[in-house]
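Below: the structure, in structure tokens.
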Amino acid sequence: MYAAEGDAHGGNGRHISGCERLVTEERVFSILAMLWQRAKSHERGSARTINIRVDAVDPASIRRIPPLTIESEIYTTVSAARNASYALLAKGGISKIAVRRALEAISSLPRSMRGAMVVDALSGERLDALGERGVRISHMDCENEEEFAKFLRNALALGQPAADGGPQKAMAKLREAVVLASKAASAEGYAGELCWSDDPYYPTGYVAHGRVYCRITPMKEPGNPVGGRVLFLWPGTPLAETIDYWQRQPVLVTREFCESM
Ligand code: AMP
């Protein structure tokens with residue numbers, strides 16, 4: 001689902017909300033109602049254009065993957081938090097220049113993109129030619145909602161930032177981001193990710209590299225409605241194949257895999 005304030009096709013619609021789910025057919029109707037509700041009563045406003053696309057997926061084509069391991073770091077200022085992202089991404093081999101270019105690219109966006117920029121992990125060059133749309137990772141979900149919630153609750157208990165709008169919001173944001181980041185990380189050529197939310201009242205962002213997802217607070221000033229996402233790829237990665245995987249391969253993040261890790 002992708003919801004905007006105005007005419008999303010004309011490019012004038014301010015982004016309100018987006019959501020990706022992968023569910024059994026019996027649940028589709030209730031999920032559609034949830035998506036409608038979410039688009040109409042979002043903190044960012046009530047959507048006037050809502051695109052909901054439903055694709056049938058062959059269960060045999062679903063790839064099951066483990067979630068990334070969740071860590072948290074809390075800083076007192078945005079600049080300290082953003083500085084920390086250099087060190088974290090460097091652990092995954094991503095160059096300083098690539099991180100600097102990614103931070104600058106997100107910070108200078110006039111408004112949020114629908115998807116993510118794809119950037120070379122060493123040179124920092126943007127690799128996709130998808131402009132303001134970017135790459136939207138889709139066709140993913142968690143396999144077992146209750147188990148997954150338990151896994152997230154444990155992670156949040158380890159490092160709960162105060163200014164996030166409460167545990168419920170933090171759980172919902174974390175659920176979506178960990179599913180997305182885990183799918184992103186399972187693609188060929190993936191090096192890492194940098195993200196913070198469009199939600200003006202949610203300053204926690206994250207970086208991911210290897211098998212680690214590290215929440216970082218605060219990645220932006222409160223009240224800032226612009227977020228962004230950068231996916232880093234190693235040089236030489238087959239770009240079209242990786243983007244196709246992100247956009248189309250059905251993936252379920254499965255908690256059980258995590259327990260055996
Ligand atoms: P959010 O965390 O949902 O506020 O999203 C933050 C930013 O991530 C957005 O401004 C988009 O640029 C990007 N984004 C959101 N959803 C997706 C997605 N499904 N795939 C890729 N990028 C996304």
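Remember, it's 1-based here, ligands and their atoms both numbered in the order they're listed. If you read the sequence from its start, that first residue is 1, and numbering goes on from there.
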field: No-hydrogen, no-angle side-chain donor-acceptor test under 3.5 Å, Y245 and S186
entry: yes
statement: Among non-hydrogen protein atoms, atom 9 (C) of ligand 1 lies closest to D198 OD1, 3.4 Å
message: Please confirm whether Y202 approaches ligand 1 to less than 4.0 Å, judged on its heavy atoms.
response: no
task: Pull out every atom of ligand 1 sitting under 4.0 Å from any heavy atom of I137, numbered as shown with elements.
output: 18 (C), 19 (N), 20 (N), 21 (C)
query: For ligand 1, which atoms, with element, lie under 4.0 Å from some heavy atom of M113?
result: 9 (C), 10 (O), 11 (C), 12 (O)
query: Among H15, E132, R229, whose heavy atom sits nearest atom 15 (C) of ligand 1?
result: R229
- request: Please indicate whether any nitrogen or oxygen in R136 is less than 3.5 Å from any nitrogen or oxygen in ligand 1.
  value: yes
field: ligand 1 versus E176: contacting region, heavy-atom distance under 4.0 Å
entry: neither
- request: Under 4.0 Å from a heavy atom of S112: give me the atoms of ligand 1 that qualify, with their elements.
  value: 10 (O)
query: Are V178 and V253 co-members of a hydrophobic cluster defined by side-chain heavy atoms under 4.5 Å apart?
result: yes
query: Within 45° of the six-membered ring axis of Y202 and under 6.0 Å from that ring's centre, is NZ or CZ of K169 located there?
result: no
field: Contact (N/O only, under 3.5 Å) between G115 and ligand 1
entry: yes
statement: Scanning both residues in full, the closest heavy-atom pair of L103 with S85 reads CD1-OG, 4.0 Å
- prompt: Can R114 be said to sit on top of Y2's aromatic six-ring, NZ or CZ under 6.0 Å from centre and within 45° of the ring axis?
  reply: yes
query: What's the shortest distance from atom 6 (C) of ligand 1 to any protein heavy atom, and which residue and atom give it?
result: W196 O, 3.5 Å
- request: Go through S17 and R38 one step at a time and tell me if the side-chain hydrogen bond (donor to acceptor under 3.5 Å, both in side chains) criterion holds.
  value: CA-CA 8 Å; S17 177; R38 178 173 163 147; 3.0 Å; yes
query: When only distance counts, is L180 in polar contact with ligand 1, meaning an N/O pair under 3.5 Å?
result: no
query: Does any donor atom in the side chain of E188 or Y190 lie under 3.5 Å from an acceptor atom in the other side chain?
result: no
- prompt: Heavy-atom contacts under 4.0 Å between W246 and ligand 1: side chain, backbone, both, or neither?
  reply: neither
message: Please determine whether side-chain hydrogen bond (donor to acceptor under 3.5 Å, both in side chains) holds for the pair Y206 and E193, giving the CA-CA distance in whole Å, both sets of side-chain angles, and the decisive distance to 0.1 Å.
response: CA-CA 8 Å; Y206 67 86; E193 188 185 347; 2.4 Å; yes
query: Taking it one step at a time, do S138 and R53 satisfy side-chain hydrogen bond (donor to acceptor under 3.5 Å, both in side chains)?
result: CA-CA 11 Å; S138 182; R53 175 174 159 159; over 6 Å; no
message: Please compare S197, G228, S17, A184 and report which has the shortest non-hydrogen distance to atom 1 (P) of ligand 1.
response: S197
- prompt: Taking 4.0 angstrom as the limit, do E143 and R64 come out as a salt bridge?
  reply: yes
task: Pick one of side chain, backbone, both or neither for how V135 approaches ligand 1, counting any non-hydrogen atom pair under 4.0 Å.
output: backbone
query: Considering distance alone, does some N or O of C195 sit under 3.5 Å from an N or O of ligand 1?
result: no
